[in-house]
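So the structure is just underneath, and the comments pick up after that.
Letters A, B, ... mirror the listed sequences (proteins, then strands); counts begin at 1.
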There are 2 protein chains.
Amino acid sequence: MTVMETTGTRIDTCAGTPQQNRRPDGDDHYTISEVVAFTGLTAHTLRWYERIGLMPHIDRSHTGQRRYTNRDLDWLDLVGKLRLTGMPVADMVRYAELVREGDHTYGERFQLLKTTREDVLARIDELRGTLAVLDRKISFYADAGHGLASERSR
Amino acid sequence: MTVMETTGTRIDTCAGTPQQNRRPDGDDHYTISEVVAFTGLTAHTLRWYERIGLMPHIDRSHTGQRRYTNRDLDWLDLVGKLRLTGMPVADMVRYAELVREGDHTYGERFQLLKTTREDVLARIDELRGTLAVLDRKISFYADAGHGLASERSR
DNA sequence: TAGAACCTTGGAGTGCGCTCCAAGCAAGCG
DNA sequence: CGCTTGCTTGGAGCGCACTCCAAGGTTCTA
């Protein structure tokens, strides 16, 4: 399939996830319901992603039904990961556009990835702060046991 | 300033944040716009929080204007932290109700906190997974430099 | 005492990310 | 052949978390 097969190393894959029962490249013509099973997204959402430009144009069968490839699944994996970071769909669409526009958008894509990386780090830090608060409250509840009228003071 | 001055140890405080220019307890009768400045929330949001039961009943001046206390600010700090975890507002309202209902809800509150803690840990793990993907892509972009037609394969 | 700035309310409106609907075509099965 | 199951489309609808509005009362500064 793709470009890298011939090159030996595949650096730019978004795998990371199990890649459960995918078919080999060349045989990868998944129906929308198979993709639903792979990704956990609904068919509605998959079609909507396509409408808003978050997916590339998906291959069609001779009767016009969608046939997704392994590459499409990889892209959906990435989208899923980015979604977890809280990145707005509009920003992901922007990234998808950059990819479609070709190599001259290289720099912009690189920047976008680095910015996102920083955002994720910040997000993790925020969560750690929250975790500290929760741990403090939890040990308060655990210790206090009964003389806990003071909980009102939070 | 604040509470800790007088009591020495306060376990169940949600501080963690700077507690910037708060007035001492007893003098703590903040207007809504002061709370806006403290929290970064809008006045609309503060009033809405109250309407939906996410805030306790707020003291009023003799003419009916809201006067927030240090304790209210502490609560808003906690709410802010929980919001960062993605906890739905409805769940936070539930917690607020438990607090209002009194000590007999101790166990349920404890469980809720522990569940939330687990959620936060899971969330951090997800983000770390995403970070790994981003780092892989970033180093791909950094290395590739120019022969990057293959980026299409993501 | 004037004027600006701030506060009050219930209810309506907004933006995001889906989520669903209706009407119709297509493929597989007994 | 009829039936079920799955897919297609554009557009409408939904739930969440705000966000704003209109119309009026209050508080502060000069």
For this session: For A/L46 and C/dG17, give me the distance from atom CG to atom C1', rounded to whole Å.
Result: 14 Å
Exercise. Roughly how many Å is it from CD in A/E50 to C1' in C/dG17, rounded to a whole number?
Worked result: 17 Å
Exercise. Expressed in angstrom and rounded to an integer, what is the separation of B/Y68 atom OH from C/dC7 atom C1'?
Worked result: 11 Å
Exercise. With sequence neighbours left out, what residues match B/F110 under ring pair (Phe, Tyr, Trp, His ring centres under 6.0 Å)?
Worked result: none
Exercise. With sequence neighbours excluded, what pairs up with A/V36 under the side-chain contact (heavy atoms from CB on, under 4.5 Å) test?
Worked result: A/A43, A/L46
Exercise. Which angle, to the nearest 10 degrees, lies between the helix axes at the two ends of the helix from C/dT1-D/dA30 to C/dG30-D/dC1, each defined by five pairs?
Worked result: 10°
Exercise. How about B/Y30 and B/R67: does a side-chain donor come under 3.5 Å of a side-chain acceptor?
Worked result: no
Exercise. Residues in side-chain contact (heavy atoms from CB on, under 4.5 Å) with B/D91, at least two apart?
Worked result: B/M87, B/P88
Exercise. In chain order, what residues pass the side-chain hydrogen bond (donor to acceptor under 3.5 Å, both in side chains) check against A/Y49, with sequence neighbours excluded?
Worked result: none
Problem set entry | Residues in side-chain hydrogen bond (donor to acceptor under 3.5 Å, both in side chains) contact with A/R51, at least two apart in sequence or another chain | none
Problem set entry | Nucleic acid footprint by protein, nucleotides 10-22 of chain D - heavy-atom cut-off 4.0 Å, B for base, S for sugar-phosphate alone | BB-----SBBB--
For this session: Using the test side-chain contact (heavy atoms from CB on, under 4.5 Å), find all partners of A/E108 that sit at least two apart in sequence or belong to another chain.
Result: A/R94, A/L98
Exercise. Does OP1 or OP2 of C/dT8 have a side-chain N or O of B/R66 closer than 4.0 Å?
Worked result: yes
For this session: List for me each residue that meets side-chain hydrogen bond (donor to acceptor under 3.5 Å, both in side chains) alongside A/Y68, sequence neighbours excluded, and say none if there are none.
Result: none
Exercise. Does any pair with a residue in residues 121-130 of chain B pass side-chain hydrogen bond (donor to acceptor under 3.5 Å, both in side chains), and if so which ones, sequence neighbours excluded?
Worked result: B/R123-B/E126
Problem set entry | Per-nucleotide protein contact string for nucleotides 25-30 of chain D, where B marks a base within reach and S marks sugar-phosphate only (heavy atoms under 4.0 Å, - for neither) | -SS---
Exercise. For A/T42, what residues pass the side-chain contact (heavy atoms from CB on, under 4.5 Å) criterion, not counting sequence neighbours?
Worked result: A/H44, A/T45
Exercise. Hey, are B/D119 and B/T116 close enough side-chain-wise for a donor-acceptor pair under 3.5 Å?
Worked result: no
Exercise. B/R47 near the nucleic acid: base, sugar-phosphate alone, or nothing, with a heavy-atom cut-off under 4.0 Å?
Worked result: base
Exercise. Rounded to the nearest Å, what distance is computed from the CD atom of residue A/E34 to the C1' atom of nucleotide D/dG6?
Worked result: 12 Å
